[in-house]
Amino acid sequence: MTGEDIRHIPNATWNDELFDRYSVSRAGTPASIDQWGVWIDHYFAVSGQTAPGRTFGGNLNISDDLVGTGWVRGVASENVSLTGSATWSGTDNFLGVDMSANYLGALLRADANLHYTFAANPNLNVRINNFEAHYSRIGATRWHDHTFTDWGDFSYDLECTANGCANTLARAEWYANDTGDPSGWIGGVVNDQINTYEGSFVAEKD
């Protein structure tokens, strides 16, 4: 379908953009983290043809999809040498988007807490829980409790190197605090297609 085809459809407009991007973010607390948050991309495309001058008939294919992407913008620390176990914590320090059919596109917030285990093969456990979702119910748009049976308390075990930690569902990097500790903060993203949500988190060392 082209701009010329759109001209034959009443009240239709032509948009050259492949998607519309909405960003929900927060400013970072340390100088090493500028911002963190989630992008929500709305892809909408119509292809095919209609009979000229008619709004019915022809062969149309309509794609209408949402994609969420967590991100952290800043300067991550490199070659971090942790000599012992440590924890990082926060409240409402996860921002994300629900990608499930029932709550598609709902903004999420939650608590992210992390524990690093010092060993020959170091591990970072990321726990995200106490979810809330922002949507309208009974005419009121507000934050709602968003923890259900078998959903809403997630734990991820990440393998670590001197430059960060990762597994197939999440990754994290070290960020310096303002007093010079290169691992004073952690920032990371979750791409959990199993539990159908995406987002990012930051947490300060305890």
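Counting from 1, the numbers follow the sequence of the chain as shown.
- The side-chain hydrogen bond (donor to acceptor under 3.5 Å, both in side chains) pairs that include a residue from residues 139-150 are D98-H146, where partners are two or more places apart or lie in different chains.
- Among residues at least two apart or in separate chains, there is no disulfide bond (SG atoms under 2.5 Å apart) pair with a member in residues 176-206.
- Counting only residues at least two apart or on different chains, the side-chain hydrogen bond (donor to acceptor under 3.5 Å, both in side chains) pairs with a member in residues 110-123 are D111-N130.
- A disulfide bond (SG atoms under 2.5 Å apart) check over residues 102-131, counting only residues at least two apart or in different chains, returns nothing.
- For residues 66-126, no pair satisfies disulfide bond (SG atoms under 2.5 Å apart), with sequence neighbours left out.
- Within 6.0 Å of CZ on R127 lie no more than 12 heavy atoms contributed by other residues, nucleotides or ligands.
- Checked against side chain to side chain donor-acceptor pair (under 3.5 Å), R171 has no partners two or more places apart in sequence or in another chain.
- Sorted by first and then second residue, the disulfide bond (SG atoms under 2.5 Å apart) pairs involving residues 151-206 (not counting sequence neighbours) are C160-C165.
- Among residues two or more places apart in sequence or in another chain, the side chain to side chain donor-acceptor pair (under 3.5 Å) test is passed with S183 by D181, K205.
- Legend: side-chain hydrogen bond (donor to acceptor under 3.5 Å, both in side chains) pairs involving residues 159-170, not counting sequence neighbours: none detected.
- Residues satisfying the side chain to side chain contact (heavy atoms under 4.5 Å, CB included) test with N195, not counting sequence neighbours, are W151, F154, D192, Y197.
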Counting only pairs under 3.5 Å, give me each side-chain donor-acceptor contact of residues 30-39, with atom names and distances, residues two or more places apart or in other chains.
| unit_1 | atom_1 | unit_2 | atom_2 | d |
| --- | --- | --- | --- | --- |
| S32 | OG | A176 | N | 3.4 |
| S32 | OG | A176 | O | 2.7 |
| Q35 | OE1 | R73 | NH1 | 2.8 |

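- Among residues two or more places apart in sequence or in another chain, the side chain to side chain donor-acceptor pair (under 3.5 Å) test is passed with D206 by T87, S89.
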